[in-house]
Amino acid sequence: MKFKGKSFIAIVLSPEPPYQDWFKEIDRIIARTPGFFIDRPIVLDVRGTKIPIEDLETVLDGLSERSIRVFGIDGISGTRLKPGMPPSFGGGRLTADVEIPETAVGNEPVTEAAGQKTIDKTDTPKKAVKTGASDPDPAIKTAEKPVAKKADRQTRAMPEANGSSIVITEHVRSGQSILHPDGDVTIVGSVSSGAEIIAGGSIHVYGALRGRALAGVSGRDGARIFCSKLDAELVSINGLYKVADDFDAALRNAPAQIRFEDESLVFEQLS
């Protein structure tokens, strides 16, 4: 048996009482950028808070209602956790705070610049599942584990606005993120591994798609993903996603389109 390590970008949330006000900030982020928390590992940081287990249950329930999935809890003994709670999690060091996107103006895309936390764990099977983003929020931080350091994620957006769509006229490099929750995104170039495109509508990539593509994040089942070469790490439409291990081998490195149909993702080769 062989074990492999993987590095994931994670967001660290630090809940602060009164939790009703803290959740209002979370709701405001989601209202501005619906794709902010989609498919991201979330670590809950409660170090130094001595949070009662009942309050922790309230926080976890509130996050679950918002389709925010907690990967682990940092700063609490595993013996205090109840069955069904995320495991106790430690390690990593804090880096820069995440800059929460400002509200979009006109046709300009909402952008974000986020740091990361790299998390190593053994591979587990992944299947398509349905998943539930002012000033920088001090409750949201990033951290980085030193074993597999990557460049901080940055937003690269040089759009040519056309209605509700934007066009990026260069390659999207590793660590960069394009976020446009109001419409389509077209990339005239390739999307590198470690980069991501998040769009409220469809995503068009006139080049190789090697990173992550999340379309229809505003709840649009009709959104699609088109690319000249499918080599993605993850694709998602309206919260339903598949990772590279689940792709049809016949479509790898081929022109493809992906669409949402009957609560599943349909992959088709483009001629």
Side-chain angles (χ1 to χ4, degrees), residues 6 8-9 30 33-42 64 66-69 71 109-110 123-133 159 162-168 171-172 174 176-271:
K6 284 190 175 180
F8 294 89
I9 295 171
I30 294 173
T33 54
F36 190 82
F37 294 108
I38 287 180
D39 301 335
R40 291 187 186 273
I42 305 296
S64 179
R66 293 162 174 80
S67 297
I68 299 176
R69 300 172 181 271
F71 179 92
V110 177
D123 287 340
T124 54
K126 302 180 182 72
K127 295 184 179 180
V129 297
K130 189 80 173 182
T131 63
N162 181 14
S164 62
S165 301
I166 63 170
V167 177
I168 308 299
H171 299 307
V172 183
S174 178
Q176 294 180 331
S177 178
I178 304 297
L179 176 59
H180 183 50
D182 298 323
D184 296 354
V185 174
T186 299
I187 307 296
V188 184
S190 297
V191 178
S192 299
S193 175
E196 68 179 3
I197 311 298
I198 301 175
S202 296
I203 294 173
H204 307 257
V205 180
Y206 292 97
L209 172 57
R210 298 189 179 94
R212 295 158 38 107
L214 291 77
V217 298
S218 299
R220 303 181 192 178
D221 289 352
R224 299 193 180 198
I225 298 172
F226 302 88
C227 62
S228 300
K229 182 179 179 182
L230 178 62
D231 191 22
E233 299 165 353
L234 176 147
V235 294
S236 170
I237 298 177
N238 191 19
L240 190 73
Y241 74 87
K242 280 190 176 183
V243 295
D245 292 343
D246 299 325
F247 295 172
D248 185 342
L251 292 177
R252 289 184 179 279
N253 298 315
Q257 72 160 317
I258 304 156
R259 56 188 173 84
F260 186 105
E261 183 177 295
D262 296 330
E263 293 299 317
S264 65
L265 294 183
V266 178
F267 290 65
E268 297 174 339
Q269 186 166 346
L270 293 173
S271 56

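- In this structure the side chain of Ser192 never reaches within 4.5 angstrom of the side chain of Arg210, judged on heavy atoms.
- Applying the side-chain contact (heavy atoms from CB on, under 4.5 Å) test to Ala199 and every residue at least two apart in sequence or in another chain returns Val185, Ile203.
- Summarising the geometry of Ser190 relative to Ile187, their closest heavy-atom pair is O-CG2, 4.2 Å, with the distance given to 0.1 Å.
- No side-chain donor-acceptor contact under 3.5 Å links Asn253 to the backbone of Lys229.
- Not counting sequence neighbours, the partners of Ala254 by the side-chain contact (heavy atoms from CB on, under 4.5 Å) test are Gln269.
- In this structure, CG on Leu270 lies 8.5 Å from OG on Ser228, to the nearest 0.5 angstrom.
- Counting non-hydrogen atoms of neighbouring residues, nucleotides and ligands closer than 6.0 angstrom, the CZ atom of Phe267 exceeds 12 such neighbours.
- Ile166 places none of its side-chain heavy atoms less than 4.5 Å from the side chain of Thr186.
- Side-chain contact between Leu265 and Ile225 is absent, with no heavy-atom pair separated by less than 4.5 Å.
- Taking the side chain to side chain donor-acceptor pair (under 3.5 Å) definition, one finds that Ser193 meets it with Glu233, sequence neighbours left out.
- Residues forming a side-chain contact (heavy atoms from CB on, under 4.5 Å) with Asp262 (at least two apart in sequence, or on another chain): none.
- Counting heavy atoms from C-beta on, the side chains of Phe247 and Leu230 come closer than 4.5 Å.
- Put simply, the side chain of Ser236 never gets that close to the backbone of Leu214: no donor and acceptor are under 3.5 Å apart.
- Looking only at side-chain heavy atoms (C-beta outward), Ile197 and Arg212 stay at 4.5 Å or farther from each other.
- Remark: Gln257 engages Arg224, Glu268 in a side chain to side chain donor-acceptor pair (under 3.5 Å) (not counting sequence neighbours).
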Tell me, with the steps shown, if Val243 and Val235 meet side chain to side chain contact (heavy atoms under 4.5 Å, CB included).
CA-CA 7 Å; Val243 295; Val235 294; over 6 Å; no

Would Val167 and Val188 satisfy side chain to side chain contact (heavy atoms under 4.5 Å, CB included), going step by step from the backbone distance to the final call?
CA-CA 7 Å; Val167 177; Val188 184; 3.9 Å; yes

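- Take Arg220 and apply the salt bridge (charged side-chain N to carboxylate O under 4.0 Å, His left out) test, not counting sequence neighbours, and it matches no residue.
- Of all heavy-atom pairs between Ala215 and Ser202, the closest is CB-CA, 4.4 Å.
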Show the numbers, then the answer: is there a side chain to side chain contact (heavy atoms under 4.5 Å, CB included) between Leu234 and Lys242?
CA-CA 6 Å; Leu234 176 147; Lys242 280 190 176 183; over 6 Å; no

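- Taking the six-membered ring where tryptophan is involved, the planes of His204 and Phe226 are essentially parallel, since the angle between them stays under 30° and well short of 60°.
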Using the side chain to side chain contact (heavy atoms under 4.5 Å, CB included) rule, take Val217 and Ile237 through it: C-alpha gap first, then chi angles, then the decisive distance, then the call.
CA-CA 7 Å; Val217 298; Ile237 298 177; over 6 Å; no

